[in-house]
Amino acid sequence: MLSKRSKALISAFVLTLYYAGVSGHEKDGKDFVTMGLKRSSSSNSRSSINTRRIKSNSQRPGGMSFEGIGLRYTLRYQPGFKQNKLAQQQEASETPAPQPPPPPAVEMTEMPMEMPTPEPAPMEPPTTEPDEPEPEIPTRPTSSSTESPGETPDMSPSPPSATDMMMPMPGSTEEIKPTMKPTQRPPNPMPPRPSSTRIVLVNPLKQLIFGSPVEANLILKQPTAPKSKGKGFLSLFEVIKFPNSKCSVSLGDIRTMEGVCYHEFECKSLGGIPTESCAEGVGVCCIFVNGCGYTTSQQIVYFESPNYPNAVREMMICVLIINVRKGLKQLRLDFQMFELSRPTNGDCLDDQFIVSGHNTNFQIPILCGINTGQHIYIHVGDSTESKVYLSVFVKVSSGARSFNIKVSQLETDDPMAPDNCLQYFTDGEGIVKSFNYDTDGSIVDNREATYFNNLNYAMCWARSKNVCSVSFNTEQLGGDQPDFQIINKDEGENDLVADGQAGAGIFNCPDDFIAINSVRLCGERFNDGLENDDFTMHSQVRDIAAGPIVLPFRTDSEYVGRGFRLLYRQELCV
């Protein structure tokens with residue numbers, strides 16, 4: 001024997017299938033099906049199913065109702081609705097919040113009393129089992145809005161909404177009549193909005209560059225490796241932990257690149273390139289290469305021009321945003337490859353490399369030309385922003401340029417430059433030169449090298465142990481341009497230092513100069529006159545001043561020369 005609860009469930013399921021079959025073949029939008037389920041008076045208590053189809057010419061489609069054990073269920077058919085979604089269960093204790101018109105669906109309403117008929121019959125008292133609760137059919141919440149008195153029903157053949165059929169109050173014997181309500185559903189559903197893209201490769205725009213409006217391409221971020229959506233998979237690696245320290249990988253005879261030691265999965269999720277193993281084989285040396293339009297907070301990043309190492313031959317605006325880590329004081333830029341268009345009379349007009357976001361009292365010159373092998377420090381300890389912007393502006397489409405800049409956020413164990421030093425040298429010997437000194441380039445064809453106007457920066461050295469002096473010398477390279485050339489002219493545009501001679505002091509070098517031992521040096525020969533009084537010859541200049549080792553460089557707004565290239569060596573105390 002089946003229990004009463006099982007009988008009710010089976011009846012509901014069979015009727016639902018039957019109703020779905022009937023409604024699937026329903027063609028006329030004015031037809032509706034009403035099905036009633038009543039309890040039989042026979043001894044075996046089997047339920048009988050009475051079905052009838054009613055043709056209505058003036059009313060909207062009605063519904064189907066059947067009675068379970070002590071309960072009556074009503075199914076309402078609405079033409080054009082799809083039966084592919086179940087409604088959420090309606091709770092009697094709370095009133096649902098107004099919602100937009102729900103998608104078409106079959107509505108199932110649970111009624112606590114028997115449906116009224118023109119000839120009501122006495123209702124048999126429900127019998128329930130105390131241990132088995134009555135089954136519930138999920139219902140769709142109906143709108144809380146009611147029809148205003150006196151409102152004229154809309155008799156148009158539009159499909160009825162979910163609240164079109166109003167049920168009578170318990171105990172009422174009034175015949176069920178469909179109530180027409182104005183629909184809030186638009187006649188045609190809105191087409192789905194296309195997904196917007198955040199990635200734009202090249203976007204033409206008009207931008208004010210170098211003081212004049214020009215049309216250029218703003219190079220934005222390109223697709224990279226997918227970002228991590230969580231640390232569920234990373235938790236597998238948390239058993240083995242190691243510090244994310246710096247690492248390096250050799251690329252044959254070409255160069256050596258630096259990165260950070262990460263788990264391989266973590267490296268890829270951060271957009272890095274896994275290379276050689278590190279941390280005793282547990283991690284990989286992760287290299288980060290970013291281009292135009294990127295934002296990064298990695299400790300070491302390589303900022304490359306589009307399609308590097310191929311040359312760029314079109315106008316562009318290329319920006320890298322660096323999120324400076326908390327407590328960081330300095331960044332270092334190493335120009336692995338830096339070739340932009342040459343300056344014009346000392347001013348960067350066609351191409352510009354601009355750094356912004358640093359300390360306000362620290363000057364960084366606008367760079368262009370050939371500066372491969374150079375480096376600069378960016379002081380950010382007093383900056384109000386936590387971002388540094390590296391921007392490359394290309395105004396003309398003629399010519400070629402390319403760059404690869406290594407950006408390092410310096411930690412406490414890295415060598416820090418003294419305050420306001422643009423360049424800092426820690427080796428005991430090496431080469432120091434002015435920007436755009438080199439005449440030969442691999443991409444730029446213009447061989448005329450000059451320094452820039454309006455320079456005011458300092459080059460500093462870390463004094464080694466037992467060092468009392470630093471010697472500076474000029475190499476004899478030869479060529480079309482002088483090896484050393486810092487020009488000063490008077491108001492009549494006459495050279496203050498004769499061609500082929502060295503200048504020293506404030507009268508010979510009032511505007512453009514480098515200073516050693518607080519003595520200004522300029523002209524076309526490098527000589528302070530202390531070790532060699534022949535100013536037509538290059539001579540060694542020794543810095544014997546106590547304290548920090550500093551070499552300042554100053555220029556005015558006109559008359560530029562090639563610049564300087566000096567070999568330095570720290571000398572032990574005698």
Side-chain angles (χ1 to χ4, degrees), residues 196-210 213-227 255 257-259 270-273 286-324 331-341 348-358 364 366-372 374-376 378 385-409 441-444:
S196 60
T197 176
R198 294 169 41 200
I199 299 173
V200 180
L201 181 59
V202 178
N203 180 24
L205 58 99
K206 288 187 178 294
Q207 178 85 12
L208 187 64
I209 312 175
F210 323 126
V214 299
E215 187 169 330
N217 290 330
L218 176 60
I219 308 298
L220 298 179
K221 180 176 181 179
Q222 301 181 17
T224 58
K227 295 184 178 181
R255 58 172 175 163
M257 297 184 69
E258 292 188 5
L270 293 173
I273 303 173
C286 190
I287 307 297
F288 294 92
V289 179
N290 290 166
C292 305
Y294 279 75
T295 299
T296 181
S297 58
Q298 293 297 325
Q299 185 177 3
I300 300 177
V301 173
Y302 290 86
F303 179 33
E304 294 184 348
S305 57
N307 300 321
Y308 179 84
N310 298 326
V312 177
R313 301 180 182 274
E314 60 183 4
M315 296 183 294
M316 71 172 182
I317 302 173
C318 183
V319 181
L320 175 67
I321 302 176
I322 304 170
N323 290 326
V324 179
L331 281 73
R332 173 173 168 138
L333 306 185
D334 290 279
F335 300 140
Q336 311 281 338
M337 171 67 173
F338 190 107
E339 292 194 23
L340 303 180
S341 298
C348 294
L349 299 181
D350 295 339
D351 297 352
Q352 292 182 334
F353 174 74
I354 300 176
V355 179
S356 56
H358 51 281
I364 300 179
I366 297 175
L367 301 180
C368 60
I370 300 177
N371 294 295
T372 302
Q374 295 273 23
H375 75 275
I376 63 173
I378 304 176
E385 295 188 61
S386 59
K387 298 179 183 296
V388 170
Y389 303 87
L390 307 182
S391 306
V392 178
F393 299 99
V394 176
K395 180 180 178 181
V396 297
S397 57
S398 61
R401 67 275 300 169
S402 180
F403 59 87
N404 184 319
I405 304 173
K406 175 187 173 185
V407 183
S408 303
Q409 300 199 39
S442 59
I443 294 179
V444 175

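Quick note: residue numbers are just sequence positions, from 1.
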Exercise for the section: Nearest 0.5 Å please: distance from the SG atom of Cys368 over to the CZ atom of Phe393. Expected result: 13.5 Å

Exercise for the section: Indicate the atoms forming the closest heavy-atom contact of Ser408 with Ile300, along with that distance. Expected result: OG-CG1, 4.3 Å

Problem - From Ser397, Ser402, Pro306, residue fulfilling side chain to side chain contact (heavy atoms under 4.5 Å, CB included) relative to Val312 - result: Pro306

Handout entry: Close side-chain approach of Val388 and His358, heavy atoms under 4.5 Å
Key = no

Practice task
May I ask you to decide if Val324's main-chain N or O and Glu385's side chain share a donor-acceptor pair within less than 3.5 Å?
Solution key: no

Exercise for the section: Heavy atoms only: give me the nearest Leu367-Cys348 pair and the separation to one decimal. Expected result: C-SG, 3.7 Å

Exercise for the section: Answer yes if the side chains of Ser341 and Asp351 hold a donor-acceptor pair under 3.5 Å, and no otherwise. Expected result: yes

Completion exercise
Here the gap from Ile405 atom CD1 to Leu320 atom CG, rounded to the nearest 0.5 Å, amounts to 9.0 Å

Problem - Phe335 ring center within less than 6.0 Å of Phe403 ring center - result: no

Practice task
Mark yes or no for whether Thr372, through its side chain, and Gln336, through its backbone, hold a donor-acceptor pair below 3.5 Å.
Solution key: no

Problem - Side chain to side chain, Cys318 and Ser305, heavy atoms closer than 4.5 Å - result: no

Practice task
Write down the atom of Ile287, the atom of Met257, and the distance for their closest heavy-atom approach.
Solution key: CG2-CE, 3.4 Å

Handout entry: Between CD1 on residue Ile370 and OG on residue Ser442, distance to nearest 0.5 Å
Key = 7.5 Å

Problem - Test item: Ile322 and Val301 side chains (from C-beta on) under 4.5 Å apart, heavy atoms - result: no

Handout entry: Distance (rounded to the nearest 0.5 Å) between Glu304 CD and Met337 CE
Key = 11.0 Å

Problem - Interatomic spacing from OG1 in Thr296 to CD1 in Ile321 - rounded to 0.5 Å - result: 11.0 Å

Completion exercise
Rounding to 0.5 Å, atoms CG (Asp350) and CZ (Arg401) come to a distance of 7.5 Å

